[in-house]
Protein chains: 2
Amino acid sequence: MTRTSDLIHSVRPIDSQAAEAARARQRALTKPAGSLGTLERLHAQLAGIRGDVLPTIEGPWVVVMAADHGVASEGVSAYPQRATAEMVRNFMRGGAAINALAREAGARLVVVDLGVAWDDGDTLPDGIIHRSLGRGSANFSREPAMDPSLAFRGLEAGAEIAGDVAAAGADLLALGDMGIGNTTAAAALIAAATGQPARAVTGIGTGVSSAVWEHKVAMVERALARNRATRDDPLGLLASVGGFEIAGLVGAIIGGAAAGLPIVLDGVVVGAAALVAIALCPPSRSYLIASHRSAEPGHRVALEYLELEPIMDLGMRLGEGSGAALSVPLLRAACRLACEMATFDEAGVPQQHGSRERDIDGDPLHHAPLSRGCSFVCSG
Amino acid sequence: MTRTSDLIHSVRPIDSQAAEAARARQRALTKPAGSLGTLERLHAQLAGIRGDVLPTIEGPWVVVMAADHGVASEGVSAYPQRATAEMVRNFMRGGAAINALAREAGARLVVVDLGVAWDDGDTLPDGIIHRSLGRGSANFSREPAMDPSLAFRGLEAGAEIAGDVAAAGADLLALGDMGIGNTTAAAALIAAATGQPARAVTGIGTGVSSAVWEHKVAMVERALARNRATRDDPLGLLASVGGFEIAGLVGAIIGGAAAGLPIVLDGVVVGAAALVAIALCPPSRSYLIASHRSAEPGHRVALEYLELEPIMDLGMRLGEGSGAALSVPLLRAACRLACEMATFDEAGVPQQHGSRERDIDGDPLHHAPLSRGCSFVCSG
């Protein structure tokens, strides 16, 4: 408990001076002010997180946390529980969506077993990081998902992994999830944390029929009726209606923020983990980047509650960190623009009519030589 | 005129069998059906355009067309006309947004002068492609922007460049524009082509004040009142209220489609060119990909008229092909996913409950060995 408390207190506010310097640089670059839209906001946020007006993304890492969920036995998913283990194998062989997307992003991929329900005869895949809390959480529609001590262990495991990733040279942490049944857990957490009804935050997950969706809503409602934890007790909520991989994700968010990494969120499951993380550690919110808004209704609710504007909305609902990985080239582009573009002064491009520079100079057409590369040390 | 007519008739429908095979492959990949959202649609479209169920994007090219506009003398921009020439120089030295974005996309960048208003003493920048139709079009709020013969020349130049780019190995053509005053031309073209009022399609462009915006609307209205060309005469419209670089972009769209390239549109100026291109050559519509929706209101109108769903909306309003270049990694990701992901059969991942495969097999848990790489020849 002390380690968790220490961790939470180690998250510092982001560097507002670097963020402000980034906004000033955006105004000096050869483009109309504000014309790069969201990319300008992302540059300023990344500058603030990294404490560097010209942040770079040279070491993006994707960390996928996997676990099983007892609630899957209630028939809330379109897939059998066994799909979790087989998809984790698929990750380790390079055949899943997140593998292709991590390659496109130029990102390292780490898969963490927080509690996959392996069969007795299973040999565990090579390369996976073992932090298993058990073969799946309990069926939270009937009893708490886990003992609070397991929630703490999951959180500390996630935080430790985020710290290890930062120590290994990561400059960006994209998070993903895998676990049959985990959109049901996410819906329960989001409902409990935001006060929205189960019906408003429960989606079709892997693609269930409307009859199964009604049943899934009923299971979330049963879990919420059983749950005794309040919003003011985020770890209690996590233990009551969360999941092992969600505990790990909460820890990775806080641990990543403590290590000064931008944390790129994925879909509804990572979004639910972010709600718990922010309740535990409000300063970590400034480190969060919402990569996309998924098709899951609970994701929209979570992002609005977190006051995070997603970069994209591609109607995705896959999880695995897919949306987070997909956003990495856009984030890298935001950094490159800030770093590689010439300023008006460097390029000798006329300023906007009535801009301050012009008023001062009197001659908007002066031809300052363009320095090769930008005037700051940067790569890419 | 005959060359233009031949070009228009050389655009073939896209390969619907390849597109259907792409959709079938998406259903076989190890993910819930439909869970990759827009990326699945983009894969099917790219497959249809390239006639290949597993298209690749290994040679993306960005082509930026630049020209000046007589209407700039009416004070419709936040920048002086001179900014066009200086920004083109900035492109050629690598200091503009499109340079950074093309590098991030791994794309070649080509800049074409369709009619920049160089000063007498100017030495033209190295590397630019010269297809100048003159030092800027006429002030279309008072007289036609250009003689119809110039519009034809611009169109043929753009088509020729698209063909050259395809012959040089491009497998994707992203289009951009540069020209002070060209959002005024785009607004006039969009209003004339869609029947929407000037006020609904005119934006702040580079960032004009509300007083200048009112004046800009008045200039568009004056141009539309003067214009005699109807919607059924797209080349007449282009000559009346278009611009030299817009003529080049119309040609590049049709020429790119004729060469079988996916055409990635950028913002409102390229969108206006697409309206003209589709009116001239309806089959070219299937080759168009809307990279983003810009902050310009006319862009939304143009995309809705074209029935194109933009991939992103990042509040950008820069032009230069910036949004188009930014979308290239997403398009490449769509191709990689299709190519590199394992199928359910390959990975031995259990199928969705009640899926057809499961009904046929009886055993959703069978462990077929995963072929290394995918079962089709592909790279990346």
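Numbered from 1 within each chain, the chains take letters A, B, ... in sequence-line order. These figures come from a predicted structure and were not determined experimentally. Atoms considered below: every heavy atom in the structure, side chains included; atoms not considered: hydrogens, waters and symmetry mates.
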Participant: So for A33(B), is it side chain, backbone, both, or neither that comes closer than 4.5 Å to the heavy atoms of chain A?
Facilitator: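 Only the backbone of A33(B) comes within 4.5 Å of chain A.
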Participant: Select, from S35(B), A100(B), P329(B), the one with the greatest count of heavy-atom pairs under 4.5 Å involving chain A.
Facilitator: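 Of the options given, most contacts go to S35(B).
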Participant: Taking the side chain as every heavy atom from C-beta outward, state whether M316(B) and L39(A) have any atom pair closer than 4.5 Å.
Facilitator: yes
Participant: Output the option from N99(A), L29(A), T206(A) having the highest count of non-hydrogen pairs under 4.5 Å with chain B.
Facilitator: T206(A)
Participant: What is the distance from atom CD of E104(B) to atom SG of C335(A), rounded to the nearest 0.5 Å?
Facilitator: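 Those atoms lie 9.5 Å apart.
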Participant: Could you pull out the closest heavy-atom pair between M312(A) and L330(B), with the gap in Å?
Facilitator: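 Shortest heavy-atom separation between M312(A) and L330(B) comes out as SD-CD1, 4.0 Å.
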Participant: Looking at D119(B), I want to see if its CG is surrounded by more than 12 non-hydrogen atoms of other residues, nucleotides or ligands under 6.0 Å.
Facilitator: yes
Participant: Look at V208(B), L42(B), D313(B), L36(B) and state which one has the largest set of heavy-atom pairs under 4.5 Å with chain A.
Facilitator: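 Max contact count across the listed options: L36(B).
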Participant: Side chain, backbone, both or neither: which part of S77(A) has a non-hydrogen atom closer than 4.5 Å to chain B?
Facilitator: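 Contact with chain B is through the backbone of S77(A) alone.
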Participant: Any donor-acceptor pair under 3.5 Å linking the side chain of R103(A) with the backbone of A333(B)?
Facilitator: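 Not at all, since once roles are kept as given, no pair shorter than 3.5 Å links the two residues.
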Participant: Search all heavy atoms of M87(B) against all heavy atoms of T30(A) and return the closest pair with its distance.
Facilitator: CE-O, 3.5 Å
Participant: Using every non-hydrogen atom in the two residues, find where G348(B) and E86(A) come nearest and quote the distance to one decimal.
Facilitator: O-CG, 3.7 Å
Participant: Looking only at atom types and distance, does a side-chain atom of R317(A) sit under 3.5 Å from a main-chain N or O of G37(B), one as donor and one as acceptor?
Facilitator: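 Here the side-chain-to-backbone pair does not exist.
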Participant: Quick one: closest heavy-atom pair of R93(B) and A347(A), and the distance?
Facilitator: NH2-O, 3.0 Å
Participant: If you measure from CG on L101(A) to CZ on R332(B), what distance do you get to the nearest 0.5 Å?
Facilitator: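 The CZ atom of R332(B) is 12.5 Å from CG of L101(A), to the nearest 0.5 Å.
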Participant: Keeping T38(A) on the side-chain end and L314(B) on the backbone end, is there a donor-acceptor pair under 3.5 Å?
Facilitator: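 Looks like yes, one N/O pair under 3.5 Å.
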Participant: For I311(B), is it the side chain, the backbone, both, or neither that has a heavy atom closer than 4.5 Å to a heavy atom of chain A?
Facilitator: both
Participant: If I measure from the heavy atoms of chain A, does S209(B) come under 4.5 Å with its side chain, its backbone, both, or neither?
Facilitator: neither
